[in-house]
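Counting convention: from 1, in listed order, for ligands and their atoms alike. Given the structure is predicted, the values throughout are model-derived calculations rather than measurements. For the single chain, residues carry numbers from 1 onward in sequence order.
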Amino acid sequence: MVIKDIKIIDILQDGRGVGRTDTKIAFIEKAIFGETCHIKVNNEKKNFYEAEKIKTSKKSPYYRKPPCPYYNECGGCSIMDINYETQIDLKKNLIKNAIEKLANIRIDKIELEKSPEFFYRNKIRLKVDRKGRLAYNKKYSNDLVLIKDCLLARDIIRDNLEEIEKLTMDISQKYPESISEISIRTNNKEIMLNLTINNEKANSYIKKNYINSKFHINLITDNSLANISGKDYLLYKIDKNKFKISLNDFYQVNDFMVDKLYKIAKSNLDKDKKILDLFCGSATSSIAINKDHIIGVEINKNAIKDANENAKLNELNDYKFIAKNANFINQKFIKENNVEAVVLDPPRAGLSKEIIKTISKTNIEKVVYISCNPQTLARDINRFQNNGYKMKNIRAVDMFPQTMHVETILLISRIED
Ligand SMILES: C[S@@+](CC[C@H](N)C(=O)[O-])C[C@H]1O[C@@H](n2cnc3c(N)ncnc32)[C@H](O)[C@@H]1O
């Protein structure tokens, strides 16, 4: 079924446009925010259509020619075809709408810190085809689009991409389909390559031939991690603090905005209070936000090992890092550890109900929530509201230009009796 002249009024997190037909809402692949277009319905569901654009009938006033030659095919970016000011407005609306709908709070204005638009990512994850060529997944598909550059990556990654592809092609020529993925990380001085490998013989070949590579190289197989060349970690600096980050530790990807993100979080806390940093990773958030007096909890054992090293590296006096699922915390733990405020920075799925219940049963007054997903954030704000807390001081940081992802920071305060 073809429907004509549908105005694109919003963009989903996966980049699809949103339009209203006479009967239903439609989620439309390849549509640009602000344009009017003819669409073909591919799938009719009870409450919505899944569709694709077949023709633009009126151009978007926000349109700009995407500077990346791969943009129309590549699934890495979703809104590079609209100007940056409009990207910012869309993200503000994304946060506002989620919180209004799921937590029933009206937000008139939200401040969103802008980032440099390009060359900001210190990490990119690429697919590798059977010949060893580097690729991203295509939009809305698992097919591959071969790339020779990525405008989101730091220049040091872009400048070395050809050499990195030479390496993956050499390995794949001997052992086709042996590498499925490569993650490329940088601290803007050195480059670390983490190759996902599924062939023992390829492992031996890499060990033999790349031991003296200029890159740090690590091999990841189903059940092991092996360092081949250089180190299995990088050292990063945020403000005056130094951090050791191992190959599979989480680290914020936007070098230009990470300091800003943590400073906003810090501005919500009082000085010298003991914080519980749930989902603390390698303690970058803990140390950047609170400097000292920290209890961190994180599921990744290796990240906790690094957290302890980072505590020493930054001369902390009062700290404890625990390698456990964040759900293990209870009232007794919070009381025994004299926790005075909580910092939460969960993955996209947000918090379990139990964590919110536990916090609300203590005398914690301030909770600082850093979220990369407005939907789960809004759901969790609602749960905090139902347990005696109130949302305050909402701010946002654009850590991911050209995509619909955004980081939100807010203070959740106990309502005074
Ligand atoms: C968004 S990252 C934040 C890390 C850290 N706060 C930072 O800024 O670098 C989320 C972290 O939560 C950890 N994580 C995921 N699920 C967890 C769980 N159930 N319990 C504890 N940590 C978890 C991940 O390993 C990751 O390090």
Inset, instruction - List, ordered by chain and residue number, the protein residues whose closest non-hydrogen atom lies under 4.0 Å from any atom of ligand 1. - result: F250, Y262, F279, C280, G281, T284, S285, E298, I299, K324, N325, A326, D345, P346, P347
Tabulate below the donor-acceptor pairs under 3.5 Å that side-chain atoms of residues 8-18 make, not counting sequence neighbours, or state none.
from: Q13; atom 1: OE1; to: R348; atom 2: NH2; distance (Å): 2.6
from: D14; atom 1: OD1; to: R16; atom 2: N; distance (Å): 2.9
from: D14; atom 1: OD1; to: R16; atom 2: NE; distance (Å): 3.4
from: D14; atom 1: OD2; to: R16; atom 2: NE; distance (Å): 2.9
from: D14; atom 1: OD2; to: R16; atom 2: NH2; distance (Å): 3.1

Legend entry - Flag for D306-S282: side-chain donor and acceptor within less than 3.5 Å: no
Legend entry - Check: Y251/N187 side-chain N/O donor and acceptor closer than 3.5 Å: no
Inset, instruction - State whether a side-chain donor-acceptor pair under 3.5 Å links Y84 with D398. - result: yes
Legend entry - CZ (R64) with more than 12 external heavy atoms under 6.0 Å: yes
Inset, instruction - May I ask you to establish whether K305 and F321 are in a cation-pi arrangement, using a distance under 6.0 Å from NZ or CZ to the six-membered ring centre and at most 45° from the ring axis? - result: no
